[in-house]
Amino acid sequence: MSSGTSASYQAAEIARESFYDKNEETDVKIHVVDSWSMSHGSGWLIMKSAQLLEAGYSFEELIAFNETHKKRVKHFLCVEDLHNLTKSGRISNTGAFIGSLLRVKPIMSMKDTKGAIVAKARGTKKALNYYVEEFQKRVDPEWTTFIIIGYSNDKSIAEQLKEKIKLKKDFIGDMHIMQMGVAVGTHVGLGGLSLFFMEKETI
């Protein structure tokens with residue numbers, strides 16, 4: 001998890017240092033990656049690293065890949081209930097109330113290790129269209145051999161997004177639908193939908 005949203009990176013670094021302090025003669029190699037990602041964004045890096053390992057990448061090459069490209073793992077997340085975001089200070093209570101009346105879905109992404117609202121869509125249909133349009137504009141076809149679509153409780157919304165991307169016929173990689181973890185799902189709330197892929201370097 002990103003160091004900007006969780007203490008997991010710092011805890012892993014402490015564990016790594018402790019291991020080496022107690023095992024000075026070990027040949028074990030450990031490198032901790034601050035993924036700059038949340039939830040399935042971290043998972044995307046892990047899955048891609050596994051593919052590269054199978055393709056013959058060395059330990060050092062895997063480190064280089066993660067540290068060089070981790071900032072390009074693109075996140076999109078929208079939620080059904082804006083009030084969940086007030087608890088983390090992302091939007092005000094007034095903004096959540098007005099947004100709920102207007103059926104506005106905030107769409108978030110990662111900026112400088114933390115989540116930030118990057119767009120707002122009126123209703124699920126427009127939110128899905130935004131995802132597809134941004135995906136087509138931003139995706140790096142060389143590195144994005146698969147995408148991850150996440151959901152909190154309603155898998156049918158994730159299936160809708162998958163079908164919309166398939167209809168464009170521009171992407172021929174794998175599309176994995178995965179449920180969000182407990183911590184992220186609780187924060188996001190009902191109706192959460194996310195999308196993860198690697199974006200172009202120049203975007």
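For the single chain, residues carry numbers from 1 onward in sequence order.
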Looking only at side-chain N and O atoms, does Gln10 offer a donor or acceptor that is under 3.5 Å from a partner on Ser3? no

So, using ring-ring contact (aromatic ring centres under 6.0 Å, His included) as the criterion, who are the partners of Trp44 when residues are at least two apart? Phe146

Just by distance, no angles: are the side chains of Glu24 and Tyr20 close enough, under 3.5 Å, to form a donor-acceptor pair? no

Hydrophobic cluster membership, with links at side-chain heavy-atom distances under 4.5 Å among I/L/V/M/F/W/Y: are Met38 and Ile107 in one? no

Answer whether the closest heavy-atom distance between the side chains of Leu62 and His31 falls below 4.5 Å. no

Is the backbone of Gly191 close enough, under 3.5 Å, to the side chain of Asp154 for a donor and an acceptor to pair up by distance? no

Who passes ring-ring contact (aromatic ring centres under 6.0 Å, His included) against Phe65, sequence neighbours left out? His69, Trp143

Please collect all side-chain hydrogen bond (donor to acceptor under 3.5 Å, both in side chains) contacts where either partner lies in residues 55-64, sequence neighbours excluded, each pair once. Lys29-Glu60, Ser58-Glu61

Non-hydrogen side-chain atoms of Phe171 and Thr144 separated by less than 4.5 Å: yes

Sequence neighbours excluded, which residues qualify as side-chain hydrogen bond (donor to acceptor under 3.5 Å, both in side chains) partners of Lys164? Asn129

Closest contact, heavy atoms only, Ala121 versus Lys126: CB-C, 4.0 Å

Counting distance only, does the side-chain N/O of Lys168 pair as donor-acceptor with the main-chain N or O of Val132 below 3.5 Å? no

Nearest 0.5 Å please: distance from the CD1 atom of Ile149 over to the NZ atom of Lys155. 11.0 Å

Given the rule in the side chain to side chain contact (heavy atoms under 4.5 Å, CB included) test, do Glu201 and Asp140 qualify, once you have shown the distances and angles that lead to the verdict? CA-CA 8 Å; Glu201 195 164 9; Asp140 183 329; 5.6 Å; no

Less than 4.5 Å apart, any side-chain heavy atom of Asp34 and any of Lys70? yes

With distance as the sole test, does Ser49 use its side chain to make a donor-acceptor pair with the main-chain N or O of Leu45 at under 3.5 Å? yes

Between NZ of Lys111 and NZ of Lys71, what distance do you get to the nearest 0.5 Å? 15.5 Å

Backbone N or O of Ser35 within a donor-acceptor pair of the Ser37 side chain at under 3.5 Å? yes

Test side chain to side chain contact (heavy atoms under 4.5 Å, CB included) applied to Thr145 and Lys48, step by step: CA-CA 8 Å; Thr145 53; Lys48 189 64 181 181; 3.0 Å; yes

Quick one, Val139 and Lys200 - any side-chain contact, counting heavy atoms below 4.5 Å? no

Indicate if Met198 and Val33 have the same hydrophobic cluster label, given that clusters are the connected sets of ILVMFWY residues with side-chain heavy-atom separations under 4.5 angstrom. no

Side chains of residues 172-183: which donor-acceptor pairs under 3.5 Å do they make with residues two or more places apart or in other chains?
residue : atom : partner : partner atom : Å
Gln179  : NE2  : Ser152  : O            : 2.9

Taken to the nearest 0.5 Å, the spacing of Lys74 NZ from Glu199 CD works out to 5.0 Å

Return the NZ to CG distance between Lys105 and Leu77, rounded to the nearest 0.5 Å. 10.5 Å

Pairwise distance CD1(Ile147) to CZ(Phe197) - rounded to 0.5 angstrom: 8.5 Å

Look only at the side chain of Thr26 and the backbone of Val28, and say whether a donor-acceptor pair between them is shorter than 3.5 Å. yes

In terms of hydrophobic clusters joined by side-chain contacts under 4.5 Å, are Val73 and Ile148 together? yes

Roughly how far, to the nearest 0.5 Å, is the CE atom of Met108 from the SG atom of Cys78? 11.0 Å

Do Ile157 and Ile165 share a hydrophobic cluster (ILVMFWY, side-chain heavy atoms under 4.5 Å, transitive)? yes

Residues that Phe76 engages under ring-ring contact (aromatic ring centres under 6.0 Å, His included), provided they are two or more places apart: Tyr130, Tyr131

Flag yes if Val118 and Leu193 sit in one hydrophobic cluster, no otherwise; membership is Ile, Leu, Val, Met, Phe, Trp, Tyr, and two members link when side-chain heavy atoms are under 4.5 Å apart. yes

